[in-house]
2 protein chains.
Amino acid sequence: MHVTGEALARERSGIEMTTPSLARDSLIDSPSLAELAAVKISELVFRGEIGPDDRVVEEHLCSRLGVSRAPVREGLRILEGSGLVVRRPRAGVRVASLSQNDVFEILTFREGLEQMAVTHLYRFTDDIADVDATELDAALVRLADEFENGDDEFGRIQASYAFHTELVRLCGNSRIVSSYRQITMQVKLCMSLNLRRLNTVETPSENVARHRDLRAAVLSGDVNRALDAISGHGHDTFAREFLDTLPGGTERSAQWLDARD
Amino acid sequence: MHVTGEALARERSGIEMTTPSLARDSLIDSPSLAELAAVKISELVFRGEIGPDDRVVEEHLCSRLGVSRAPVREGLRILEGSGLVVRRPRAGVRVASLSQNDVFEILTFREGLEQMAVTHLYRFTDDIADVDATELDAALVRLADEFENGDDEFGRIQASYAFHTELVRLCGNSRIVSSYRQITMQVKLCMSLNLRRLNTVETPSENVARHRDLRAAVLSGDVNRALDAISGHGHDTFAREFLDTLPGGTERSAQWLDARD
DNA sequence: TCACTGTCGATTGTCTACAATAGGCTATCA
DNA sequence: TGATAGCCTATTGTAGACAATCGACAGTGA
């Protein structure tokens with residue numbers, strides 16, 4: 001290890017990755033600083049410390065994370081791949097901007113991916129009862145715990161997305177899962193604008209119940225019930241008023257908004 | 001510009017990007033060496049000069065491309081994002097390996113994305129006749145030209161994928177398009193194993209006709225006809241014998257293979 | 001007042017150098 | 001002969017330095 005790179009490097013020993021899937025294969029592959037930087041930067045975004053369309057200056061991140069520019073740049077490349085940040089050659093990196101149309105794209109794509117996952121699950125599974133839902137149930141338990149006992153808004157969001165990721169993972173197609181994980185980054189970006197509003201929409205126990213219902217529907221054996229549950233699931237999460245505050249609506253996004261009144 | 005970095009740098013003036021979409025917004029934003037490196041490396045893979053599971057050594061690429069390691073590393077990060085290469089920390093980068101199950105995942109995901117795009121197109125379009133198919137038709141013309149006049153196998157593949165990308169772009173959701181472009185990289189990787197076999201499966205004019213039919217079905221106004229056309233489209237492209245040569249079949253992939261006999 | 005042009009600081013792009021690691025090879029021992 | 005430990009080399013990870021570029025600002029002219 002080098003003399004510098006302390007801040008992040010110190011964490012390498014006992015990390016809890018925000019993306020738990022990374023370490024799933026090999027027992028010990030501590031990530032490179034670049035990957036750690038990517039996680040840290042994404043957390044800055046999700047926590048709202050850096051907002052949509054904000055300029056991200058590499059050196060600022062360096063001093064903040066305690067590493068040199070090389071890993072920071074690579075970390076930004078990683079985040080670029082999932083669309084969390086956008087780079088314009090020689091003009092730097094910005095957090096992705098979120099117009100109303102962007103949110104529309106993100107949420108509909110996410111819904112589409114979940115439905116695709118369920119479709120594949122049913123298409124390639126003889127008997128739904130054989131599906132191993134261990135991880136999904138574990139995620140549901142963690143989610144319930146987080147919502148009922150914890151009070152960290154950020155932790156709740158993470159638990160919620162962990163559950164949805166496990167849901168998608170049921171389909172067994174790792175490419176679908178990767179793609180879902182990427183778009184999830186962007187969903188979290190949307191949420192970062194909307195953290196406080198979450199609690200006003202529904203109570204914690206309502207939220208847990210909603211996820212429990214989703215699990216039941218997906219594993220019910222009835223594809224259409226599963227698909228409907230997915231398309232219904234997201235509707236309350238984003239209050240209409242929030243979306244209306246965003247600029248950059250298009251004909252399509254307006255139409256989509258109207259449809260859910 | 002630096003003294004070194006000649007090889008790639010020289011190209012920056014008159015580039016034809018393999019991914020034409022990149023330069024779509026700003027008139028002149030010449031890509032960085034990292035992005036050029038990513039394109040070049042991916043071409044090495046698609047042309048079969050580097051095959052699945054091959055180790056990719058950064059310095060070898062440096063001497064080959066005439067740049068230093070920094071842009072090469074960033075280029076590899078970009079490719080990593082689309083799953084073309086896989087990195088194990090401190091153990092280097094490899095081209096993604098292709099088991100039978102991988103090909104199964106890739107092709108079903110691709111099919112799913114195309115269907116999702118069409119579903120969205122129909123869901124958010126009042127009258128299909130209003131859809132602007134200019135780019136799609138242009139891609140079809142280029143495809144026909146490539147197949148009827150050209151004889152560069154690589155060029156044909158590119159034209160074919162350009163057409164499919166335009167097809168997906170009709171849905172108007174840039175996130176879906178990005179995701180599709182990523183998985184296309186992996187489809188091309190599959191094709192790189194199979195370049196010669198393509199011509200044995202169908203004649204050039206058959207291929208063009210098949211794409212023309214696909215266009216017609218997608219714009220027919222009948223969603224189900226469009227979806228069926230998509231799921232039927234890929235079937236002949238990969239001959240069963242090829243897939244059987246691959247190791248790493250799973251129950252699912254076998255079932256999937258059997259279904260298309 | 002407005003448009004244009006040149007300059008300057010901040011920032012990105014790239015290169016080189018060095019430290020740390022992985023994986024193969026040899027020597028040693030049983 | 002076979003397994004194991006230890007070195008050695010090739011390669012990756014990271015840092016730091018420099019060149020090129022962008023964007024803001026002030027100055028110039030109309």
Side-chain angles (χ1 to χ4, degrees), chain A residues 1-13 25-41 50 53-80 85-95, chain B residues 1-13 15 26-41 50 53-80 85-95:
Chain A
M1 185 51 49
H2 288 170
V3 196
T4 40
E6 340 81 25
L8 273 183
R10 223 179 302 119
E11 300 202 25
R12 251 206 285 229
S13 13
D25 327 311
S26 170
L27 224 53
I28 40 165
D29 43 13
S30 81
S32 65
L33 289 188
E35 295 169 77
L36 285 179
V39 172
K40 286 294 175 189
I41 298 167
I50 320 176
D53 216 43
D54 281 355
R55 174 79 181 274
V56 176
V57 177
E58 296 171 2
E59 288 228 39
H60 299 178
L61 289 175
C62 292
S63 48
R64 187 148 190 180
L65 302 180
V67 295
S68 78
R69 278 181 58 216
V72 166
R73 282 179 63 87
E74 291 189 28
L76 287 172
R77 287 282 185 197
I78 294 174
L79 297 181
E80 209 187 335
V85 302
V86 174
R87 147 178 267 130
R88 246 184 52 217
R90 288 167 296 286
V93 171
R94 292 179 174 277
V95 176
Chain B
M1 182 51 47
H2 288 169
V3 197
T4 40
E6 339 83 25
L8 274 181
R10 224 178 301 121
E11 300 202 23
R12 254 207 283 230
S13 13
I15 337 134
S26 170
L27 223 53
I28 41 166
D29 44 11
S30 81
S32 65
L33 289 189
E35 295 168 76
L36 284 180
V39 172
K40 285 295 176 187
I41 297 167
I50 320 176
D53 216 41
D54 280 355
R55 175 79 181 274
V56 177
V57 177
E58 296 170 2
E59 288 227 38
H60 298 178
L61 289 175
C62 293
S63 48
R64 186 147 189 179
L65 302 180
V67 296
S68 79
R69 279 180 55 216
V72 166
R73 282 179 63 88
E74 290 190 28
L76 287 173
R77 288 280 184 199
I78 294 174
L79 298 181
E80 212 186 333
V85 302
V86 174
R87 147 177 267 131
R88 247 182 52 215
R90 287 168 299 285
V93 171
R94 292 179 173 278
V95 176

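Naming: A, B, ... by sequence-line order, numbering from 1 per chain.
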**Request:** Measure from CZ on Arg90(B) to P on dT14(D) and round the result to the nearest Å.
**Result:** 8 Å
**Prompt:** Whole-Å distance between dT14(C) C1' and Leu65(B) CG?
**Reply:** 14 Å
**Request:** State which residues pass side-chain hydrogen bond (donor to acceptor under 3.5 Å, both in side chains) with Arg69(B); sequence neighbours excluded, sorted by chain then number.
**Result:** Glu58(B)
**Asked** Side-chain N or O of Arg88(B) less than 4.0 angstrom from OP1 or OP2 on dA22(C)?
**Response** no
**Request:** Describe the nucleic acid contact of Ala70(B) in one word from base, sugar-phosphate, nothing, applying a heavy-atom distance below 4.0 Å.
**Result:** base
**Asked** On DNA chain D, nearest-nucleotide positions of Pro71(A) versus Pro89(A): which is more 5'?
**Response** Pro71(A)
**Item:** All side-chain contact (heavy atoms from CB on, under 4.5 Å) counterparts of Asp53(A), not counting sequence neighbours
**Value:** Arg94(A), Ser97(A)
**Prompt:** Considering residues at least two apart in sequence or located in another chain, which fulfil the side-chain contact (heavy atoms from CB on, under 4.5 Å) criterion with Glu80(A)?
**Reply:** Arg77(A), Val85(A), Arg87(A)
**Prompt:** Separation of Arg87(A) atom CZ from dC22(D) atom P, in whole Å?
**Reply:** 14 Å
**Request:** For Val86(B), check side-chain contact (heavy atoms from CB on, under 4.5 Å) against everything at least two apart and list the hits.
**Result:** Ala96(B)
**Prompt:** Is there a side-chain contact between Pro89(A) and Glu35(B) (heavy atoms, below 4.5 Å)?
**Reply:** yes
**Request:** Report yes or no: is there a donor-acceptor pair, N or O only, under 3.5 Å between the side chain of Arg69(B) and the base of dG13(D)?
**Result:** yes
**Item:** Atom pair distance, as rounded to whole Å: CZ in Arg77(B) and C1' in dT12(D)
**Value:** 11 Å
**Asked** Between Leu76(B) (CG) and dT14(C) (P), how many Å, whole number?
**Response** 14 Å
**Asked** Roughly how many Å is it from CZ in Arg73(B) to C1' in dT16(C), rounded to a whole number?
**Response** 14 Å
**Request:** Look up atom CG in Leu65(A) and atom NE2 in His60(A), then write down how far apart they are to the nearest 0.5 Å.
**Result:** 12.5 Å
Polar atom pairs between nucleotides 8-11 of chain D and protein, under 3.5 Å, N or O only, would you list them?
unit_1  : atom_1 : unit_2   : atom_2 : d
dT11(D) : O3'    : Arg55(B) : NH2    : 3.1

